[in-house]
Structures are given as structure tokens and as C-alpha cells.
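Computed over heavy atoms, backbone and side chain alike; hydrogens, waters and symmetry mates excluded. Every chain is numbered from 1 and lettered A, B, ... according to where its sequence line falls, protein lines coming before strand lines.
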Amino acid sequence: MDYFDILVSILGSTVRLSIPLIFTALAGLFSERAGIFDIGLEGKMLAAAFASATAAYLTGSPWIGLASGIGVSLAFSLVHGFASITNRGNQIVSGVAINFVAAGLTAVLGHAWFHQGGRTPGLPADARFSPITLPGAEMLRDVPVIGPLYANVISGNNLLTYLAFLAVPISWWVLYRTRFGLRLRAVGENPGAVDTAGISVIWLRYRAVMVAGFLCGFSGTYLAIGQSAAFINNMSAGKGYIALAALIFAKWRPVPVLLACLLFGFLDALANFMQGKSIPGIGEVPVQIFQALPYILTCILLAGLIGSANPPKAGGVPYVKER
Amino acid sequence: MNEMSQAPAIELIGIDKKFGAVHANKNINLTVAKGSIHGIIGENGAGKSTLMSILYGFYQADSGVIHIDGKPVTIRDSQSAIAAGIGMVHQHFMLVENFTVLENLMLGAEGGALLGKGADAARDALKKLEADYELEVDPDAVVEELPVGLQQRVEILKAMYRGAEILILDEPTGVLTPAEADHLFKILRVLRDQGKTVILITHKLREIMAITDTVSVMRRGEIVATRTTSETTVEELAELMVGRRVLLHVDKGDSNPGEVFLSVRNLTVKDHRGVTMVDNVSFDVRSGEILGIAGVAGNGQSELLEAITGIRKPTSGEILFCGQPVTGFDPARLRGLGLAHIPEDRHHMGLVLAFEEAENAILGYHRDDRYGNGVFLNPDMVRKAAVDEIGKYDIRPPNPRLKTANFSGGNQQKIVVAREIERDPKLLVVGQPTRGVDIGAIEFIHRRIVETRDAGKAVLLVSVELDEIRSLSDRVLVMFAGKIVGEKSPETGEQTLGLMMAGIAA
Amino acid sequence: MPREDFMSTASVSLPNWINYALIPLINLMLAFLVSGVVVWVIGENPYEALKLMLAGALGRGEGIGFTLFYATNFIFTGLSVAVAYHAGLFNIGSEGQAYLGGLGAALVALSLDHYVPWYVTMPVAVCAAALFGAAGAVIPAWLQAKRNSHIVITTIMFNYIISSLMNYVLVHVLIVPGKMAPETRTFLEGGQLPKLDWLMAMFGLKLGPAPLNVSFLIALVMCVLVWVLIWHTKLGYEMRTLGISRSVAAYAGIPYVKIVIITMLISGGLAGMMALNPVMGASARLQVEFVSGAGFVGIAVSLMGRNHPIGIVLAAILFGVLYQGGAELSFDMPTITRDMIMVIQGLVILFAGALEYMFRPTIVRIYQKITRA
Amino acid sequence: ADVKPALVYGTGGKFDKSFNEAAYAGAEKFKAETGIDYRDFEPTGDTQGEQAIRNFASRGYNPVVAVSFAWTSAIEKVAAEFPDTKFVIVDAVVDMPNVRSVVYKEEEGSYLVGVLAGMASKSGKVGFIGGMDIPLIRKFECGYEQGARAVNADIQVFQNMTGTTGAAWNDPVRGGELTKNQIDQGADVIYAAAGATGLGVLQAAADNGKLSIGVDSNQNHLHPGSVLTSMVKRVDLAVYNAYVDTKGDAFTSGVQALGVKEDGVAYALDDNNAKLITDDMKAAVEKAKADIIAGTIKVHDYMSDNSCPK
Ligand SMILES: Nc1ncnc2c1ncn2[C@@H]1O[C@H](COP(=O)(O)OP(=O)(O)OP(=O)(O)O)[C@@H](O)[C@H]1O
Ligand SMILES: Nc1ncnc2c1ncn2[C@@H]1O[C@H](COP(=O)(O)OP(=O)(O)OP(=O)(O)O)[C@@H](O)[C@H]1O
Ligand SMILES: [Mg+2]
Ligand SMILES: [Mg+2]
């Protein structure tokens, strides 16, 4: 197997592993740009994964699965909204709480309903989002360079994958080209300005948080019924935090979010690939290094060593008009 | 003219508002005629901003009715206020700092779900407004990079762009030089002549006399009087404001300057963005004198104080304290040398509102052995020390265990003043000693400052209140754009000092 | 609840017994109520479940022993979170710091257990665990202090980094060759902390196999030390000042960098000491992921306990009851797994933390009505 | 004699379609035959196992069967506390008078499926995906490699482990990703010995039109036509025998090592994979089986020296 094939293989893996990060980081983007920190991305993703797998299993339809994933994720984001917008609670505490409730609840319900150690039963092919082969993929496969890239990286992914890549320009457009986006960016910087402009800060922030819930619904669904064929206990496995790291890495901007997620996905793919292999001259690199790399990179970024990351100014601070 | 046009532009009837225990507005009745400029004056905390914020829908009144153009309107939020033709320029600007001028203008008036068309319309409208009122500003400039004067322009443009018939300005001149203020007043007159109604909140009686048609005075949440400007005097307004005759003069003997206690040499200070806030400043303060630094807020006085007291590291230059170089010393070390500091903003710096009074009475001096041996802190010893100061400074209520947030503004300030003066410092650095403090407490605090001087200490005083500077200082330095633009005697006329503060004359 | 109420009541102050007892109690009950609904949804009787849980946790000496064993973990991590919180730092990294602390404790136990009795090993192990725990906090602390990086994010990142590191150390360095599980060898008696049979015997109870050990007493000592630190030392005063306002602290000459780093070292040290309990007290060896969430429970404990050592002990015992009772419950009602604890824990954090003021306006109004009458 | 059977599963959950489900099947068989009910418990984490085992023992259950090496130290402790109770541990050895340790010669079963994989592979490349990287799983891999090499000396065997902690048993996503990797490298038969992670392996192989080999239980039915065979490990027998022996007062402690000869490990052939196994393949694997039983083939056990002959 030559280096190019290896690269194609790793890139294909990168795409698959980045998708949940992209959806989740975009979710965080909307929430945090509106001034609501969202540590609870992880929990929402997990809850959505469970809901989508359960619904898809019961109905046999991936679409109902997706709808349920979104619905449950939305419900969790409304809890976060209720705590941090309406009740002005600590946003980090609320997010941490949501992660616990989601991790516990999915396990308890999964165990009680399906008796498979918290897993949901495996899904048949048509209850999932299956890989789509793009036109010409097989024909082009033998064309040098672009053939394998097209056939193995670009083609052969499921619908949600393409949606994730579509979500990036859409997010950019919403954020920078629509009224909603303008207001959303404003409310994360100075809610007072939004309020005195005659716009409801509360409703605006609720909408932002709901967009976040909506997007987390996609990422959870991708995990459970796109990438795999069942829900597994704690299957988000820290991806919510990685997405958060990617969001910081991207300095809260949509296109860099895509790049950061692809980078972290690539590191993950590389870790899988490198496992048990040795690099000439260095020897076997412990997988743990690859596993820790995204977190280390984020800390380095936060240390200001690769540019500064300034979060939205009003982020994390409940909006209080009157003391 | 028909009946309708005679109706007052604004009529507030029985407006009442409480913030928890604070009764900010008490049964307010106010009428403002259409096409007039109405002034509102009153001491800090009198409730002026609250009243206007209610009119603008930012706060909700607990009770009361609002009529606009003779018709009752319900102002639920700022949106309904804007719809009723009300615009407001807030005391603290309501701008999104990392947005462009255009984006700020459009916020809330985007003209559709997509930005494209609205942006073009806004750009055109901006051009027209600029031409009509001489309010030039680059639509693509990022707001945080504009000077405050221009930022205020953006606020005014925002209101005009939304088609305001009634324009409320809350202390707009606090951040302006006299020249900029004059320009603003010119615009306000143009607006009035076009039939718009203007409400102007200010502390400066001179401005009231210069521009308003009518004026209302607020005190402790009430409107105590409304006058036609041409029929009143500065003295009357001042008396109405504080409820008794004002002593515009502090009793003090001549100064007796001795050796140099503080010497500042070529001091330059930059803020976190790298903007030079204090620019090559040099001066001395001697024992037995009060050196006053006058200037419009935001001209580097705060940064100067912070550099001298060790809170901020100067970029270059030298500070000598009793001859000893102390540049870059931290505040704790400077305190140990005998420097006391009454900060400009007691809530931002001087006090931990969530602490007991006694705990605040030792803030900054807490490492002193008087309050516990070695690493320990002994609450009993702390409280005992606090009780002393409470007595001496008549701090009310006299309870060292009460949470500091529960003291009134004047008493909170006394806690800070007592703490700093009672340490018997060599140098007392004072910023805005009487902000938001009633007249009785003002006199008390002024007397203490003068006593400190008379005891042979050096005092460095920074205040934006020219009256305070003139009545307390022995010498006056004027600061503008980070530079000392001149030294004057306190007897210098207000006019001259004002021009210097604007950077016009030296 | 009308919005206006929320605002106008926010500045009303309430007596301590309402703030520190009634409101937490109401929040706690709400968390249990919602948990009861979950139990009911999966087809079990919540009342029976509660009974089983309480009986399992408090019914016998052994149950109490387990309860206090778990509580010991939570006291350490709760104190860790609380100390940081007093200085305005939200340490979500107690989990990782405790994990690293385990390495310190294990290294001491492994190297001394052949030669000296436990009471010689213990003080060294306490120091090593604290030192390693502090080491797990030092980089986030430095990043916060010097580079202004958000400590919440960096401590989360460090949980993962430490987890990878420990994983490597256990799998490649400390594992006993030929053994399946990545764990160290079992410590000899000289590396084990003795159980507290005598303490239980004082109350006429039998500890049985419950792993309650000397680290429980160390935890109580730490409570006292933390109390002294926060309210009776100058350092504590500086931490609290900084915790409320960074600008006031700067004015008062309280060095930001130094206090942030010291606070996080103390916080990390307390988290690290938690490792003594499971590593040297219970399993007598260092295992993968032995912290298993106790660091996060610390957040809930600290919130519930209002960051006060007494509150933390009470909240830790409450969570000990949940853990031990939950284990017994899941044994007798197999449909309810121990993950139920995580649900309850999340709900406690939600109601006692993020929604702590939800009922305040109502309580204020009732209180005002009563006091006026 | 009195029998009050108890069963503690591994952390994968009762219906993992693999290891634990096999244990469950054994207990069910005993129940069906004798009408004696049993109690079981599914720990969701390592800490729960010990408490469950002790709980069973203290409530008079006998024998207490704990499947999974994860409970080794738990059994060591609890068996000492309850010397009158019989314990059975699967996949590990605990040397105590009241403990029976059941271990399997996984290398033999893996050898058999390795033979099938070697013959079924068209590319000359086969893969192995293990769960947690422990000697036990390396033992599977080593047997598999020997079998594949026996039928095709040039065969290339890829191997990956999912992780180094218990979480590696429960990570089908990574399992699927590793499978995809191996497929990209040319593997066309992939053997999963990874608990629930294997479900992802089988899924990915099916999605990509390749063959997979299941483990522990007969997993042929999961993706009919795609699962070449399964390396069946008769955990059910360990459970069943423990109960029957106790009932008949025939419980013995000590180590039981079950290989091909004892029918403890085998390859699975049923309707689901009948079409995939040609007569040639069947003949070859049956011959290998006979040779192992006869002792003419000695499959190297990785755990005997922690290395695998290349
Ligand atoms: N959001 C708020 N919450 C609680 N109390 C408030 C709030 N805003 C103002 N107050 C209180 O209401 C009173 C009136 O405040 P207001 O800001 O209206 O005064 P002001 O006349 O504008 O004073 P200044 O001249 O300092 O601007 C003060 O006691 C103030 O502390
Ligand atoms: N932000 C606040 N939080 C809590 N209580 C407050 C707050 N502001 C004011 N109060 C309470 O309201 C009372 C009146 O405060 P206020 O500052 O209006 O007093 P004041 O009459 O202006 O006195 P002073 O002239 O000394 O400033 C105070 O005693 C205080 O207990
Ligand atoms: Mg005001
Ligand atoms: Mg006041």
C-alpha cells in the first residue's frame, strides 16, 4: 500500500470522524455567539444519539430517528435556556448538569428498555442513513489521484455528512448576511444594545440556544444511526468537549470551525492508523499522544501562543437590567 | 394651529419605580412641550436615568401612565418606545463595539430578514443625516476604534435613523470637550427648530442655562420643581437640587508646602490595547499641599492614578516617593511606604460589597499584624479596629458586621475615606472623592482632606468636578489627551480652565 | 412567575436558615422528585426504590461504611472545587487532578510498602498525592493567571490530557507483566491504609468488608484546615477578595498571579488526596479510571454545600448515600442501574446550581408576608 | 445438593450478542432443564462487580459465577471472605480452594477461523481487530494468524487494538473505523475479538461488502452472508456446568482449560454462512480440528511466553 492510498484512507476516516464535531461546534457557535456558554454540547449530542437510535429502531425510519434526536436535543437546550436565560443561572453549571443528566438518563433508559448493557438494538440498513455513492464514483475510481479521492473520500458518505459540510456556509450566511445573525452577534457582545434597539434579548437568546439544540440533534443522530447502527453507552465520548475546543480554536467563526474540526478529525484518524505502527527513526508513538493532542493544542492556543482567542464579550454573563 | 398640535409631546403621570429597597422614582409628573428642549438636573442617584429609561421602555414603571402627543401609550419595551417616536442616547453607550457604524445603525432596523438591501438603505440614510446635521462619521469604521465623541454621534444617528421625534440624551456632555459639547448643542437646536422634542439630562447648570427652554429638578426620586429656564438662576437650581443652600467654597487656610513627597518624571502609560493614555507626564507633590488634576473624564487621569498607586505598570518614566524610586512597585508595597489611595470608583475598586463592613475596613492593610499574627486573621481584632473608624467617621448604621452592600452610597464612601486617611499616610491619592455622595457627606469628606493636608501630608486630587478641584486644590494641573497642558492657580476662571480641558488653550 | 418579581426581589436579603438550609433543601427535593419520575417511567416504584436505597446505604454497619467511604472521596473533591470557587475559579479539573494524585500515592506505596509500616507510608503518601494533584492543576492555573485562558476550558482539557497520560503510564510502565488489567501490583500492608473498624465499633456497628479507612479522618482534618484557611487566614481573605472582584483585589495589592496559582495548587492538592481513599484504602493498587466521576461529584457537593466545609461534609454524605444506596438498589431492582445516580447528581447540580434562584422570589414573597404579619 | 445459582456478567451487558449472552444462554439452559431459577446482575462499571459478587455470596447464593477477567481481584477478595461458597471465574485463574477457574484455549478456536479466513481471502490480506490491548486478546490474534498462515504462507495479517482501557470493549464506532482502515489497506476478511466493539466491525464489513468473523457467541446471524463464521467460546458451558456440578455435589475447584478437544472453542457453521464455506474450506478446517485434537498441530499460546511466532 503506497503513501497515497494511506492518505486517502486517512482522509476518508477524517471526514467520517469530523462530522459530529462540525455539527456540534456549529451548535456551540450559535449559542456562544449569542452570549450563552454551552458546556452541555456533549450531553445534548448524547441524548440525541439515544433518541434517534431508539426512534429509528422502533419505527424503522431514519427520518423519524433524526426528528427525535433533534426534538430531544432541543428539549435539553430549552432546559439550558430556562436555567441560564430566564433564571440567570450559571451557564457552566447548567451545562455540566445537562451532561450528567444526559449521560445518566440514556444509560438508565437504555438499560431498562433494551437490556443490552445500555445499548439499543442494532439497526437494519434501511433504518439508518446509509452511505451514498455519488455518480461516477466507480467509474472514476481508477483515474489517478482524483479518482480514489473522489471515490473514497468524497463519495460513499451518508446524507448527514453532506449536510454537515452544507451547514458551514449556511451558518456563515445566517450569521453575517441575515437580520437574525446580526442580532445574534450583537447580543453576544452587548445585550444592552440589542435591548435598547427594541429587540427582546431573551427571545433572541432562546432562539440561539434552540439552533444549538437543533444542530446537536444532527450530530447525535450521525453518531448513532449514521456512523454506527445503534446507540452505545456514552458514545459521544468527549466529542462535545473536542467540538468546544475546535470552536475556541476557530475563534468562534464558521469557516475556521470547519477547518478546526477537520484537523481534530484528522488527528483522530491518524491515531487510529498509527496504532501499533512505528515511525521510522522514532519508533512506536503511543496512541495516547494522539488522543491528547487536540486538548494540548487547545491549551496552547488558549495560552495565546498561536494568536489570541477572544470569546464574545457578554459570553457567560446573564443579562441583568435591574439589580 | 389646531388643538392636537398643542398637546404636549410627553406627559408622564404618576410614574413610580422601586428597585428593591431603593425608591428610584416617586410619583413623578412631568410635561414637556412639543418642539422644546427640556433639561433635567439632579444629584447622582436622584433617579433621572431611571425616569428616562422608563420612558424609553428599558425599565417598567411599577405604576403610572405615559401620554405621547396627548394620546396614552403603553410602553412595554424599547420597541414600543421606538414605535412611539422616542429615541435615547444612554449615559453608558449602547453600542456593539466590534460592529461597524453601519451595523450598529441597522441593529433593530434592518429593513428585512436579509441584510443586503437594508444595508444600502442605511448607508444612504446615513449620508443624508450627516448632511442635514453635520454629523460626519465613517459608516465602515469599527466602533471600538472611534473616539468617544464619535461614538456618541453614532448613538444620536441611531436615534435619528429610527425616526425619533423625541430625543432623550442622558448626560451626553460628560465625555465631551466643551467644543464638542457646543457642537452637540448646535445640533440639538437644529432638531428643536425642526419641531422635535429634546430631553437633556446633565449635572452642569451652565449647560442647562445655555440650551434648555424649560428645566426640571429631581431630588431623591422626586421632581421638586419645574422652571422656565429664562426665569431661573443657577443659584436657585443648585439650591433646589440639594435641598439647601450650597456652599460652593471650602474653608481652608493657606497651604504650607514642604519637601517633595511624590515626584513623577516623564511618565507614560499605555492601556491594554497599546493606546497611550498618559503621555510623558511630570510633576511634584509636596507635603502640606493639595495638587488638583482637572480634566474631562477619559483623558488619562484614571491611568495616571493607577500608575502612581502601583495598580498599572507604566510603560516608561519614573516615580519617586520621598526620593525613593518606586516605579513598578505593587500597591501593597507602596501602602507599606505610606501611600494611601481613595479610588475613583468605590464599587469597582474600593470595596467588596459582599464583605462585612469590618472586612472592608482592612482592605489593602489586611496583612498588618494588628489584624492577626503571621498568616492568621483574627476576626475579633478586625472588628474592634472597624468600630473605631465607624465612630470617628459617623458611619451609619454603626454595625461592623453588616454587609457593605447594605450601606448607602455616602456611607460606603466614608468607609473608604476612613480606611485610607486613618492609616496616617504620607501621601494621599484621591480620585473623585465625592461621586454620588450627598452634600453633607461632601463637606465632611472635604474637611478631612484639608485636615490631612494641614497635618503635613501630600495630597494628590483628581476630579472631573471643576468646582471640587477649584475649592480644594492649592495648585491645579489640567490634563488633556494624556498630557499635562498647564498649571494654574485655583482662582483661575472656569472659562480658562474649561478651554484648557478641551485642549484649546494652554 | 412574572419577570418583574424576579428583579424586584433579588435585592431582598433573607435570613441564613432560609439561604443555607431551606432553599438547598427545596432544590434537593425537586431533584429527587424528578428522579422519582424517571424511576416511575421505567416501570418501578419510586417509593420502594427510595426505601431500598436508604436501607442499603444506612441500614447496616457495612452500608454505612460504604456510604462514608464514598463520602470521603466527595469531601476531598468537594473541598477542591470549593477552595477554587472562593477565589473565583471554577475548577472542573478535580477529576484529572485526583487521577494524577493516585499516581503519587501509588508510587509512594509501591516504593515503601516493603520497608515500613503504614503510618510511616501515610504522611509521605499524603504529601505525594497532594503534590501530584497540584501538579495536575498547575498548568491551567498558570494559563489562567498569566495568559488569561479560561480555567473552565483548560481544566476540562487537562482531564483528558491527564487521562491519556495515566493510561500510558499504567499500560506501559506500571502494569504487572502478564496481567490483563492495566493496574499496579497489590500494595503490601505497609502501603495500605487501615480500615476504621474501631470507629464503627464505637457506635456498636460492624464495618464488615466496607472499605472505610483512615482517609476519612484525613478528609475531616482537611475540612477544618480549609475552614481555617478561608476564614481565618490572610491568604483566605485575599482569595475571597479576588473571588469577588479582580479589580478590588488589584487595588488592595493582592497579587493576582500568585493567588490564582496558590489557590489552584491547594485545590489540586485536595483533589489529589482523594486518591488515598480508593488507591491505598480500598483496592490497594492503582487502577485505570479509579476516580470514576468523583471529581465531577465534587462540583455538585460544593454547590450543594454552599462552598462551606460543613455543608460539603453533609452534601458528601448525601452523595455517599446515593452511591452506596444506588449500588444496593440496582442489585435489588436490576432495571435501575447505577447510572441513576448520575441522573440524580445532574439534577442536583441543575436545581441547586443553575436554578438555585428559581424559587427565591416566591420564598421572598412568602417570607415578607409572614414577617409583615 | 442445594443450589442457588448466581451470575455476574462482564461490563458489556447481558445481551451483547457475544460473550455475556453466551453466559446467559448457559444459565437459561440450566433453568429450562431443572426449573431452578437463578439471579444475575449486569455491572455497568468495574466498581460494581465486587459489590455484586459479595452481595450474592452474603445472601447465600451458591455457586456464584463471574464471567470476565475483570472480576479476578474481586473473586480473590470475596472468596476469602466466604470460604463455604463456591465461585467460578471465567477467563482468569484464581488459585483458591473454593474457586473454579475456567479458561479457554482461544488460540485453538482462533486457529480454526484463521484457516477459514486464509482460504476465503481473495486479496491475501486479512485483518484482526481486538478490544482492549491485553495478553488475552493477543492470544486470539496469534492463533488466528497461525491458522491463516497455515493455509497461505504469504498472507498478510493486519491487526489493531481498539484501546487500552475497559472502554475499548464498548466502542463500535472506533471498531468500524479501524475496520474501514483495514479494508482500505486491502483486507477482505476481518476477525473481531472485541466484545461490543465487534458489532461495529461486523457492521462496517457488511457495509463495505467484505467478510467478518464473529466471536464468543455464534454471530453468524447478525449480517447473514457477510459473517464468514464465528469463533464460538462456550462460556455457556462454564456457567451450565458450574450449576449442574453444584447440584450434583460434583463441584471441583481448580483450573479447567477448555480447548477444541473439550468442545470449549469451535467455529460456527449454520444456515447463515453455509454458502460462504466451500467444501474445500470445510475439509481443511475439519482436518485442522482433528489435528489439534490429535495433537499433531500444536497452536502456540501467546500467553505462555507473551510472544507470537512469525
Ligand atoms: N438597575 C438598577 N437596579 C437597582 N437599583 C438601581 C438600578 N438603576 C438605578 N438604581 C438605583 O436607583 C436610584 C436612581 O438611579 P438613577 O441611575 O436613576 O440615578 P441618576 O439620577 O441617573 O444618577 P446619576 O446622576 O448618577 O446618573 C439609585 O439609588 C440607584 O442606585
Ligand atoms: N445596590 C444596592 N444593593 C442593596 N441595597 C442597596 C443598594 N443600593 C442601595 N441600597 C439600599 O438602599 C438604601 C438607600 O440607598 P441610597 O444609596 O439611595 O441612599 P442615599 O439616600 O442616596 O444615601 P447617601 O446619600 O448616603 O448615598 C441603603 O441604605 C441601602 O441599604
Ligand atoms: Mg444617570
Ligand atoms: Mg446615594
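Looking only at heavy-atom pairs under 4.5 Å with chain D, the residue among Pro177(C), Pro334(C), Pro209(C) that has the most is Pro209(C). Chain C forms the most heavy-atom pairs under 4.5 Å with one residue out of Glu50(D), Gln51(D), Glu81(D), Met132(D), and that residue is Gln51(D). Among Glu183(C), Arg285(C), Gln287(C), the residue making the largest number of heavy-atom pairs under 4.5 Å with chain D is Arg285(C). The greatest number of non-hydrogen atom pairs below 4.5 Å with chain C, out of Pro135(D), Ser58(D), Gly163(D), is found for Pro135(D).
With 3.5 Å as the limit, one finds no donor-acceptor pair spanning the side chains of Tyr302(D) and Glu141(D).
Neither the backbone nor the side chain of Arg138(D) comes within contact range of chain C; no heavy atom of the residue lies under 4.5 Å from a heavy atom of that chain. In this structure, no portion of Thr186(C) lies under 4.5 Å from any heavy atom of chain D. Residue Tyr168(C): no heavy atom, backbone or side chain, is found under 4.5 Å from chain D. Only the side chain of Asn306(D) comes within less than 4.5 Å of a heavy atom of chain C; its backbone N, CA, C and O stay farther away.
Aromatic ring centres of Phe74(C) and Tyr323(C) lie closer together than 6.0 Å. Note: Phe41(D) and Phe331(C) meet the aromatic proximity criterion, with ring centroids under 6.0 Å apart.
A cation-pi contact links Lys4(D) to Tyr61(D), judged by a cut-off of 6.0 Å to the six-membered ring centre and 45° from its axis.
No more than 12 heavy atoms of other residues, nucleotides or ligands lie within 6.0 Å of CD in Glu189(C), so this atom counts as exposed by the packing criterion.
Of the inter-residue distances, the one linking Ser283(C) atom OG with Phe290(C) atom CZ reads 8.5 Å to the nearest 0.5 angstrom.
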